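Everything below concerns the one structure shown next.
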Amino acid sequence: MHDLRFIRQSPEEFDRGLARRGLAAMSPQILALDAKRRATQTALQDMLQRRNEASKQVGLAKRNGDDADALITEVQSLKDKIAADEESAKSLEAELTGILEGLPNLPADDVPEGGGEDDNVEIRQVGTKPAFDFEAREHFDIGETLGLMDFEGAAALSGARFVVLRGALARLERALGNFMVDLHTGENGFAEVSPPVLVRSEALYGTGQLPKFAEDLYRTEDDYWLIPTAEVPLTNLSSGAIYDAGDLPQRLTAWTQCFRSEAGAAGKDTRGMLRQHQFGKVEMVCVTHPDESDAELERMTGCAEEVLKRLEVPYRVVTLCTGDMGFGARKTYDIEAWLPGQGMYREISSCSNCGEFQARRMNARFRTKGEKGTRFVNTLNGSGLAIGRTLIAVLENGQNADGTVTVPEVLRPYMGGLERIEPVKGTGK
RNA sequence: GGAGGGAUGGCAGAGUGGUAAUGCAACGGAUUGCUAAUCCGUCAUGGGAUAAAACUCAUGCGGGGGUUCGAGUCCCCCUCCCUCCGCCA
């Protein structure tokens with residue numbers, strides 16, 4: 001949500017931000033609406049003032065036993081006018097809010113300009129791509145050869161974009177989640193949270209998925225929504241909060257299932273488990289002082305990178321350009337893991353600084369000792385990491401010519417010491 | 001699912017139709033100085049005014065409607081929280 005006072009003060013700057021997002025200037029329309037709203041409000045207030053005075057006099061007159069009919073008639077005649085003005089003030093307000101809540105966050109100054117994915121800027125590549133003396137296969141080949149990745153069974157249960165993992169792959173998924181949460185809580189300073197995955201619409205409004213992106217979400221018949229990411233519950237834990245500045249930053253992590261309708265992704269990544277309706281993800285959320293959020297974004301991205309480093313998966317970090325950033329973000333780093341089977345880097349984490357955009361929607365503030373009043377906090381979120389995609393990366397980077405997969409060393413303690421995942425004889429069907 | 005209770009400022013908490021008490025915390029100031037106390041003011045949001053204030057007006061008692069000259073207070077609808085009962089992993 002945008003600050004109307006900022007738009008009033010710096011309309012050019014506001015429009016410049018929108019333009020960088022590829023959007024038309026909105027400040028003329030917004031300011032016109034705002035001026036109209038304020039004029040209406042002022043007129044309304046004058047009438048209310050008169051009504052209040054007259055009403056007070058009626059009270060006095062009645063107490064003194066005087067005649068108050070003239071005053072009563074006057075106020076009654078104001079009534080229709082007041083009601084009409086209230087009505088139009090309210091609808092102007094609603095119109096204004098409707099516009100403001102549909103506009104994305106403005107990009108930070110250092111975000112590269114661009115229209116889409118192709119204009120993202122690579123910052124660094126880390127790790128060494130594995131050199132295979134055979135043709136690298138994609139994860140679904142590897143998984144099906146192992147007999148442990150079952151798309152048919154999943155289709156029978158749930159349809160397309162689901163998977164059933166079995167045996168060592170099911171355990172690998174669990175191992176990844178445990179490893180990531182242990183890393184973030186043990187070394188990266190995050191507090192572990194186990195939140196609901198069903199939330200109210202208010203929570204989704206707070207992080208910005210609603211009202212604009214309802215079609216991407218699953219909704220229950222009794223009006224709960226399935227979270228598309230644990231960013232929603234973790235960030236909204238700060239909804240309505242007033243922190244002491246000393247209690248910031250708040251760093252939270254959670255391993256949850258995430259649910260996405262993938263309404264706009266028809267035909268994209270249909271094969272395999274790259275893009276699913278349901279997937280596990282370890283999420284990191286930070287709530288910071290406004291002066292700290294830029295540094296926190298670097299830190300958080302580093303925390304996500306550390307997961308891949310330890311898993312020995314090569315990756316690169318890109319800064320998303322203005323055209324590829326999500327709705328609530330003012331700056332985003334994507335981490336893309338190297339997938340030898342695809343011969344491509346694919347997104348495995350997205351770390352965003354949302355500034356005070358979400359905090360305004362949630363009314364999340366902090367107070368500094370010695371200062372008057374409160375200010376909005378800044379919020380950040382990042383995957384640390386998406387589990388399904390990490391599993392893909394581990395399979396593709398750890399694959400061997402004989403169809404087995406080498407388990408990264410850091411995961412072995414979570415896998416009962418298992419060093420290699422071997423194909424199973426028969427699928428048990 | 002059934003029954004009941006509740007929602008008022010940062011927090012606590014009064015207020016049954018006529019200007020939203022009071023306490024705590026916080027901020028500004030005054031005063032006196034033995035780890036502090038005392039006093040005064042400020043202490044929700046928005047409009048107008050202003051360089052910024054002072055100032056001024058309105059709104060604000062969970063949300064939305066209604067009754068009334070006037071609603072925190074009365075009526076209707078809704079939401080959320082709590083308690084008890086039932087069911088349940």
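Please read all numbers here as calculations on a predicted model, not as lab measurements. By convention in this document, chain letters (A, B, ...) are assigned in the order of the sequence lines, proteins followed by strands, and residues within each chain are numbered from 1.
- Between the CG atom of A/D222 and the CG atom of A/L198 there is a distance of 8.5 Å, given to the nearest 0.5 Å.
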Result block: side-chain N/O donor-acceptor pairs under 3.5 angstrom for residues 174-182 of chain A, not counting sequence neighbours:
from	atom 1	to	atom 2	distance (Å)
A/N178	ND2	A/R174	O	3.4
A/D182	OD2	A/Y414	OH	2.6

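- Across the P atoms, B/rG63 and B/rG28 are found 32 Å apart, a figure rounded to whole Å.
- Results of the side chain to side chain contact (heavy atoms under 4.5 Å, CB included) test with A/R260 over A/L226, A/I227, A/T229, A/L217 single out A/T229 as the only residue that passes.
- Between A/E292 and A/H289, the closest side-chain pair of non-hydrogen atoms falls below 4.5 Å.
- Closest non-hydrogen pair, A/S238 versus A/V287, comes out as OG-CG2, 3.5 Å.
- The structure places CG of A/N378 at 8.5 Å from CG of A/D291, a figure rounded to the nearest 0.5 Å.
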Write out a two-atom table: protein N or O, nucleotide N or O from nucleotides 75-77 of chain B, distance below 3.5 Å.
none

I'd like a table of atom pairs between the protein and nucleotides 1-3 of chain B - only N or O on both sides, under 3.5 Å - with the distance next to each one.
none

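- The same atom, C1', is picked in B/rG10 and in B/rG17; the two are 31 Å apart, to the nearest Å.
- In this structure, CD1 of A/I242 is placed 11 Å from P of B/rG9, rounded to the nearest angstrom.
- The closest side-chain heavy-atom distance from A/T379 to A/C286 is not below 4.5 Å.
- Looking at heavy atoms from C-beta onward, A/D150 lies in side-chain contact with A/R166 at the 4.5 angstrom threshold.
- Separating the CD atom of A/E93 from the P atom of B/rG64 is a distance of 12 Å, rounded to the nearest angstrom.
- Between A/E86 atom CD and B/rG64 atom C1' there is a gap of 13 Å when expressed in whole angstrom units.
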RNA chain B base-pair string [pairs: Watson-Crick or G-U under 3.5 Å; |: paired with another strand]: ((((((((.[[[..)..(...]]].(((((.......))))).(((((......)))))..[[[[[..)....]]]]])))))))....
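- Note: A/F327 and A/F213 meet the aromatic proximity criterion, with ring centroids under 6.0 Å apart.
- Put simply, CD on A/E53 is 15 Å from C1' on B/rG18, counting in whole angstrom units.
- Comparing B/rG4 with B/rC61, their P atoms are spaced 27 Å from each other, to the whole Å.
- Side-chain contact between A/E306 and A/L183 is present, with at least one heavy-atom pair separated by less than 4.5 Å.
- Comparing B/rA20 with B/rC78, their C1' atoms sit 25 Å apart, to the nearest whole Å.
- Rounded to the nearest 0.5 Å, atoms CG (A/N397) and OH (A/Y315) are 13.0 Å apart.
- Aromatic ring centroids of A/F162 and A/H277 lie under 6.0 Å apart.
- For the C1' atom pair drawn from B/rG60 and B/rG46, the interatomic distance equals 10 Å after rounding to whole Å.
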A/E192 vs A/F190, side chain to side chain contact (heavy atoms under 4.5 Å, CB included): CA-CA, chis, key distance, verdict: CA-CA 6 Å; A/E192 183 171 358; A/F190 288 81; over 6 Å; no
Return the polar atom pairs (N/O with N/O) between nucleotides 66-73 of chain B and the protein under 3.5 Å, or none.
from	atom 1	to	atom 2	distance (Å)
B/rC69	OP2	A/Q76	NE2	3.4
B/rC69	O2'	A/S55	OG	3.1
B/rG70	O4'	A/S55	OG	3.2

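- Nearest-nucleotide positions on RNA chain B place A/R367 closer to the 5' end than the other of A/K90 and A/R367.
- Taking the P atom of each, B/rG48 and B/rA54 are spaced 15 Å apart, rounded to whole Å.
- A/I421 places none of its side-chain heavy atoms less than 4.5 Å from the side chain of A/T404.
- Here, B/rA52 and B/rU38 have their C1' atoms 33 Å apart, quoted to the whole Å.
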N/O contacts under 3.5 Å, protein versus nucleotides 44-49 of chain B?
from	atom 1	to	atom 2	distance (Å)
B/rG46	OP1	A/R5	NH2	2.7
B/rG46	O2'	A/Q41	OE1	3.3
B/rG46	O2'	A/Q41	NE2	2.9
B/rG46	N2	A/Q45	OE1	3.3
B/rG46	N2	A/Q45	NE2	3.1
B/rG47	OP1	A/R8	NH1	3.1
B/rG47	OP1	A/R8	NH2	3.0
B/rG47	O2'	A/T42	OG1	2.7
B/rG48	OP1	A/R38	NH1	3.2

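- Inter-residue side-chain proximity for A/Q399 and A/T406 is flagged as unmet; no heavy-atom pair is nearer than 4.5 Å.
- Interatomic distance, A/Q342 CD to A/L274 CG, rounded to the nearest 0.5 Å: 6.0 Å.
- No close placement of the A/F376 and A/F366 rings is indicated, their centers lying 6.0 Å or farther apart.
- Between the P atom of B/rC57 and the CG atom of A/D46 lies a distance of 12 Å, rounded to the nearest Å.
- Straight-line distance between the C1' atoms of B/rA12 and B/rG6: roughly 16 Å, to the nearest whole Å.
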